[in-house]
Amino acid sequence: MNNAAENISKNIDLISVQQLKKYFPIKSGLFQKISGHVKAVDGISFNIQKGKVLGIVGESGCGKSTLGRTMLSLIKPTEGKVYFNGKNIYELNKNELNQIRTKMQIIFQDPYSSLNPRLPVYEIVGEAMLQHKIVKNKNEMMEKVVEIISKCGLFEHQASRYPHQFSGGQRQRICIARALAVNPEFIVCDEAVSALDVSIQSQIINLLKDAQEDFKLTYLFISHDLSVVKFISDDVAVMYLGQIVEKGSKNQIFNNPLHPYTEALLSAVPTVNPTSKQSIKRIILKGDIPSPSKPPEGCRFHTRCSYAKQICKEILPEYKEIENNHFAMCHKANKMF
């Protein structure tokens with residue numbers, strides 16, 4: 001076993017991501033030559049302990065969804081490693097990867113487009129159980145499907161219905177049941193509640209919390225809704241332009257943000273009483289998000305940061321531990337000026 005795998009075992013980290021990168025080629029011209037790359041994920045590292053929830057937040061286009069899909073090898077990485085239970089999933093052969101996929105599942109943002117409209121619920125939820133030989137036959141599959149969808153808030157008679165016969169919240173329950181059907185250990189929730197009404201969001205979040213306790217799950221929870229992330233997560237990582245700029249416990253991130261981008265995100269959260277003394281003053285970021293194909297030199301946030309100085313334009317800040325398990329990528333936080 002290599003050193004990285006040994007560290008994972010000691011720290012009971014289920015997931016360890018090391019310098020993960022995913023660049024998408026930009027093709028142009030008559031012969032579609034590669035003229036550049038979109039750096040969707042650019043050198044990300046973090047660990048997730050068993051039974052914990054890591055929330056990933058950031059603006060649209062910062063690379064959150066690409067990160068989640070690359071971690072599961074749904075998208076092949078450009079560079080980097082992802083260890084699951086001490087095994088680098090990018091070094092596994094086809095059969096080994098097929099076996100480990102039962103332990104690593106994903107819940108997509110749009111429940112309707114992620115469900116096969118031609119299959120009834122019992123086949124959508126149960127086909128993976130047959131494929132991976134979790135059940136012996138279709139009768140056993142049907143019993144398991146009814147048990148799982150019942151835990152997810154659906155009824156037995158709904159197992160024979162098709163996706164178009166359900167509401168958005170019910171479809172997401174089907175997606176959760178499909179993920180739970182193969183007894184996973186780790187689930188990527190990719191904006192799992194963003195397409196739902198607020199009243200339904202709370203039901204789905206509570207369902208995910210209950211499933212975490214019942215099945216001893218570990219989550220990577222991707223969302224732009226900070227209130228949801230605060231409720232469900234143990235730790236929070238803030239992404240900007242393909243990089244994690246700050247990571248810590250949810251109390252550290254929400255009560256003592258170190259990075260100016262995190263401060264701006266938190267200031268945008270609506271409050272019940274905006275005139276109260278406890279409300280955070282709104283921080284308006286100047287300018288637009290730079291192109292991920294040509295990120296700025298130095299700190300990537302300096303073009304929009306009110307604290308930016310000359311050093312920010314020249315040198316990329318290190319990702320350093322500022323306090324106990326509180327990391328930030330910022331010259332201001334690192335006290336370099």
Side-chain angles (χ1 to χ4, degrees), residues 4 7-8 11-20 22 41-59 62-74 77 80-86 89 103-109 176 179 184-194 204-205 208-209 211-213 215-240 242-259 261-262 265-266 319 321-329:
N7 290 335
I8 293 168
N11 298 329
I12 60 169
D13 289 328
L14 182 68
I15 297 290
S16 180
V17 178
Q18 299 180 6
Q19 289 300 309
L20 187 62
K22 178 57 187 176
V41 176
D42 195 12
I44 283 180
S45 300
F46 59 83
N47 298 331
I48 310 177
Q49 292 186 348
K50 286 186 178 181
K52 298 295 185 179
V53 181
L54 174 63
I56 302 287
V57 299
E59 293 171 290
C62 69
K64 303 188 299 295
S65 294
T66 302
L67 169 63
R69 298 182 189 205
T70 307
M71 285 175 60
L72 299 183
S73 199
L74 299 178
K81 300 175 182 178
V82 173
Y83 289 93
F84 175 79
N85 270 332
I89 66 169
K103 302 301 179 183
M104 305 174 72
Q105 290 290 302
I106 185 169
I107 301 170
F108 294 100
Q109 177 177 0
I176 294 171
E185 295 180 37
F186 174 63
I187 298 179
V188 173
C189 302
D190 184 11
E191 300 276 11
V193 297
S194 64
I204 299 300
I205 290 297
L208 290 171
K209 289 281 285 184
Q212 182 193 10
E213 295 177 3
F215 295 91
K216 310 301 180 185
L217 297 173
T218 304
Y219 290 144
L220 179 75
F221 194 87
I222 299 169
S223 180
H224 61 266
D225 190 330
L226 293 174
S227 59
V228 171
V229 170
K230 185 177 182 179
F231 175 75
I232 198 171
S233 300
D234 298 298
D235 299 305
V236 179
V238 182
M239 278 190 70
Y240 181 78
Q243 295 180 333
I244 290 179
V245 296
E246 184 170 359
K247 180 182 178 294
S249 69
K250 66 179 178 183
N251 289 331
Q252 289 172 331
I253 297 297
F254 283 90
N255 298 329
N256 184 33
L258 299 176
H259 197 282
Y261 178 64
T262 308
L265 278 183
L266 294 176
Y319 191 56
E321 183 174 7
I322 310 302
E323 301 173 14
N324 186 30
N325 292 323
H326 193 176
F327 297 82
M329 180 186 281

Distance-only donor-acceptor check, side chains Glu323 and Asn256, under 3.5 Å |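 Asn256 and Glu323 do have a side-chain donor-acceptor pair below 3.5 Å.
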Side chains of Glu246 and Tyr261: donor-acceptor distance under 3.5 Å anywhere?
->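 No, Tyr261 and Glu246 have no side-chain donor paired with an acceptor closer than 3.5 Å.
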Could you state the interatomic distance from [atom1] ([X]) to [atom2] ([Y]), rounded to the nearest 0.5 Å?
X	Y	atom1	atom2	result
Leu72	Leu220	CG	CG	8.5 Å
Leu67	Ile244	CG	CD1	6.5 Å
Gln18	Ser45	CD	OG	6.5 Å
Leu14	Lys103	CG	NZ	10.5 Å
Asn251	Asp235	CG	CG	10.0 Å
Leu258	Ile322	CG	CD1	6.0 Å

Taking side-chain contact (heavy atoms from CB on, under 4.5 Å) as the test, write out the residues that go with [X], two or more places apart.
X	value
Gln252	Ser249, His326
Cys189	Ile107, Ile187, Ala192, Leu208, Tyr219, Phe221
Lys230	Phe254
Ser73	Lys76, Ile89, Tyr90, Leu97, Arg101

Which pair of non-hydrogen atoms, one from [X] and one from [Y], has the smallest distance, and what is that distance?
X	Y	value
Gln19	Gly43	OE1-CA, 3.8 Å
Val236	Ser233	CG2-CB, 4.2 Å
Pro257	Leu266	CG-CD1, 3.7 Å
Leu20	Val41	O-CG1, 3.4 Å
Leu226	Leu265	CD1-O, 3.4 Å
Ser223	Asp225	OG-N, 2.9 Å

Determine, step by step, whether Glu59 and Tyr240 satisfy the side chain to side chain contact (heavy atoms under 4.5 Å, CB included) criterion, reporting the C-alpha distance in whole Å, the side-chain angles of both residues, the deciding distance to 0.1 Å, and the verdict.
-> CA-CA 7 Å; Glu59 293 171 290; Tyr240 181 78; 3.6 Å; yes
Heavy-atom check, side chain of Met71 versus side chain of Ile15, under 4.5 Å |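 The answer is yes, as the side chains (C-beta and beyond) meet within the 4.5 Å cut-off.
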Within-4.5 Å side-chain heavy-atom neighbours: Phe84 and Val82 |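 The answer is no; the side chains never approach within 4.5 Å.
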Measure from NZ or CZ of Lys247 to the centre of the six-membered ring of Tyr319 and say whether it is under 6.0 Å with the direction within 45° of the ring axis.
->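 That pair does not qualify as a cation-pi contact.
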Would you confirm whether Asp234, through its side chain, and Val53, through its main-chain N or O, come within 3.5 Å as a donor-acceptor pair?
->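 Yes; judged by distance alone, with no hydrogens or angles, the pair exists.
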With distance as the sole test, does Thr218 use its side chain to make a donor-acceptor pair with the main-chain N or O of Gly51 at under 3.5 Å?
->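 Yes, because the side chain of Thr218 sits within donor-acceptor range (under 3.5 Å) of the backbone of Gly51.
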Verify side chain to side chain contact (heavy atoms under 4.5 Å, CB included) between Ile222 and Asp190, making sure each step is shown before the conclusion.
-> CA-CA 5 Å; Ile222 299 169; Asp190 184 11; 3.9 Å; yes
Any residue meeting side chain to side chain donor-acceptor pair (under 3.5 Å) with Glu185, in chain and number order, not counting sequence neighbours |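 Side chain to side chain donor-acceptor pair (under 3.5 Å) list for Glu185, sorted by chain: Asn85.
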Determine which pairs satisfy salt bridge (Lys or Arg N to Asp or Glu O under 4.0 Å) with at least one residue from residues 41-53, sequence neighbours left out, and list them in order.
->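 Matches after skipping sequence neighbours: Asp42-Arg300.
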